[in-house]
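Here's the structure, in structure tokens; my notes come after.
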Amino acid sequence: MFSFIARRLGLLIPTFFGVTLLTFSLIRMIPGDPVEVMMGERRVDPQMHAEALHRLGLDKPLYQQYFDYLSNLAHGNLGESLITRDNVWHEFTTLFPATLELALCAMIFATVLGLLAGVIAALRRGSLFDHGVMGISLTGFSMPIFWWGLILIMFFSVQLGWTPVSGRIDLLYDIEPKTGFMLIDSLLSDEEGAFMDALHHLILPSIVLGTIPLAVIARMTRSAMLEVLREDYVRTAKAKGLSPARVVFIHALRNALIPVLTVLGLQVGSLLAGAVLTETIFSWPGVGKWLIDAISRRDYPVVQNGILLIATLVIVVNFVVDILYGFANPRIRHQR
Amino acid sequence: MSLLEIQNLNVRFGGKDAIPVVEGLDLTIDQGEVLAIVGESGSGKSVTMMSVMGLIEAPGEVTANRLNFAGQDLLKLKGRARRQLIGKDLSMVFQDPMTALNPSYTVGYQIEEVIHQHLGLRGREARQRALQLLERVEIPGAASRLSAYPHQLSGGMSQRVAIAMAIAAEPKLLIADEPTTALDVTIQAQIMDLLLNLQRDEGMALILITHDLAVVAETAQRVCVMYAGQAVETGVVPDIFQAPKHPYTEALLAAIPEHSLGERLSTLPGIVPGRYDRPKGCLLSPRCPYAQPRCLERPALEPYTHNGISGSVRCFFPRNLNPEQWPEVLPESQRPSHLPGEAHGRA
């Protein structure tokens, strides 16, 4: 186990370098620079432009900029936004809870529904329900998130008026951010109805963000269950006279979860990618929207370090999933 | 009254018209009896026992005139009532112990599950009982094995655990489906001894599905020989070994290597008929060296008593019984399987 962790940690170093190099170069490939964007469409005075670039250190050769960036990173300095002058780490930590809240809700939605649908589809293999679920999940998996989000907003928010169109909570409420999680903060506040309002705001974005993971989990659960249900130990469980629910959930699903868990870990990356789009559609004040704004403003430090932080997160989550995997599967836990 | 009574059991997969996997099977077993079921692979031995356990699932279909266990009609017992019986009074040990245990749970958990389900014990009491069971099946270091996972056990050890699970609720009937086939030869004898000791000590009935006729001769009181989904002969040990009545039983005995040391091993030509080449008449007729024109009809399993020993046989011309009525053995070219367009018609 220890050597396993050490090996995984060793792999992180090249990954980090790759991420820094990619973000550093990609953002600079977009035409325009922060100064141009700030000054807008008007004709920029070349001298002022050069001075501004010099002030920001953007007139240095690229390799020098990259090494400055790395050396700042090595000192734990993530820099500050060129636009707001706020510390990138501070901005990230302020906005991240909103993204986390959304991602968690989406994941809970996707996991609960996906496992259930997958299990039932496997048990009723070949039935109308099975074909229906698999058809819908294929559609869900191929759905462009931005389009799907707009359709849902148009139908549920605009036509039916069931859910709010955007934001985390109604402007009527003044919630003091204690934990950064709106559901918790609204509960802690004295404002009546704030919690329900926050919950309402979460529904559509969670569904939109959870759609693709839901489809993946449902399909994966189904195929894993179909495999496991044929196993001898499921027959043994039936021969013990256990209830069908116990056979399915305790004996079969437990083993089917092993591959599903792996997929779940891999989904975290695409979940954060999806969050960028979802947050933009719903004006959700999280890191996804923050990054999109930073890109359009050519806010180099925010883009570079924001993506680096998110990449770190994905790596850490996958790492945790690997360890969880060992817990779910005793055969791995005991390997050396 | 018999403990288990099966009359005209039919098991089909896929609709009324499908060829039965088990056809018209009659079988009884008394309390405390050891019954062996022998036959080639695919002769329906396991499917018969799975249907007794209620483990045949759609599209499989089980019908019978009678399927009684300890005075209860198994065909009428559904859902919970049936589950209260299986794993408790009626339990089963399967062929491959390495896959029969759930890899995600400890041995203790899997045994305690049965104890909780059927005896209602939990916590320390259940653990205590599980420990006793592991000691009962002679697992060394039983206490430490409770927290072991199946992948940490050898095949023989796993089979002992599976047996412990099967006897946890003191069954009246234990079905062992080729319990030693997947094990090393040295372990096979140990497991067989264990099963027979348990059977004797607990006084339970034991149905032993096996290929191993030597084991049958040593252990069973009665034998049922199956061929292509039918019981072709039932009889008592040792009579069935000394004077087999059905040509198929005779052929099985002749195929034991020890019986033909130094000679070429006797075999029955051909294979068990499959779904699409099932003969019209006697199922063995295309392979039978004694086949007669009458064998194009389907014989029934007829009881007989001979020299005070009773049994039953599904043959028009049983061996070792009324030899004066035997017709002349026909040369191969005149047997019904070689008559044009007769025996190979689909049933």
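A note on names: the letters A, B, ... follow the listed sequences, proteins ahead of strands, and every chain is numbered from 1.
In the displayed structure, Y109(B) atom OH is contacted under 6.0 Å by more than 12 heavy atoms of other residues, nucleotides or ligands. Atom CD of Q132(B) has more than 12 neighbouring heavy atoms from other residues, nucleotides or ligands inside a 6.0 Å radius. Remark: F129(A) CZ is packed, more than 12 non-hydrogen atoms of other residues, nucleotides or ligands lying under 6.0 Å away.
Once rounded to the nearest 0.5 Å, the distance linking CE of M53(B) with NZ of K238(A) reads 12.0 Å. Atom CD in E231(A) sits 12.0 Å away from atom CG in L101(B) (nearest 0.5 Å).
When atom types are taken as modelled, the side chain of D232(A) and the backbone of T99(B) share no donor-acceptor pair closer than 3.5 angstrom. A donor-acceptor contact shorter than 3.5 Å is absent between the side chain of S104(B) and the backbone of N255(A).
Most heavy-atom pairs under 4.5 Å with chain B, from the set A237(A), S243(A), A252(A): that is S243(A). Highest contact tally toward chain A, considering only M165(B), E113(B), H118(B), is held by E113(B) [criterion: heavy-atom pairs under 4.5 Å]. The greatest number of non-hydrogen atom pairs below 4.5 Å with chain A, out of A100(B), A162(B), G87(B), is found for A100(B). Among M50(B), M92(B), Q110(B), Q84(B), the residue with the largest count of heavy-atom pairs under 4.5 Å with chain A is Q110(B).
Just one of Q117(B), H116(B), R83(B) meets the side-chain contact (heavy atoms from CB on, under 4.5 Å) condition when paired with L242(A); it is Q117(B).
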Worked check of side-chain contact (heavy atoms from CB on, under 4.5 Å) between Y105(B) and R254(A): CA-CA 9 Å; Y105(B) 296 99; R254(A) 168 67 194 265; 3.4 Å; yes
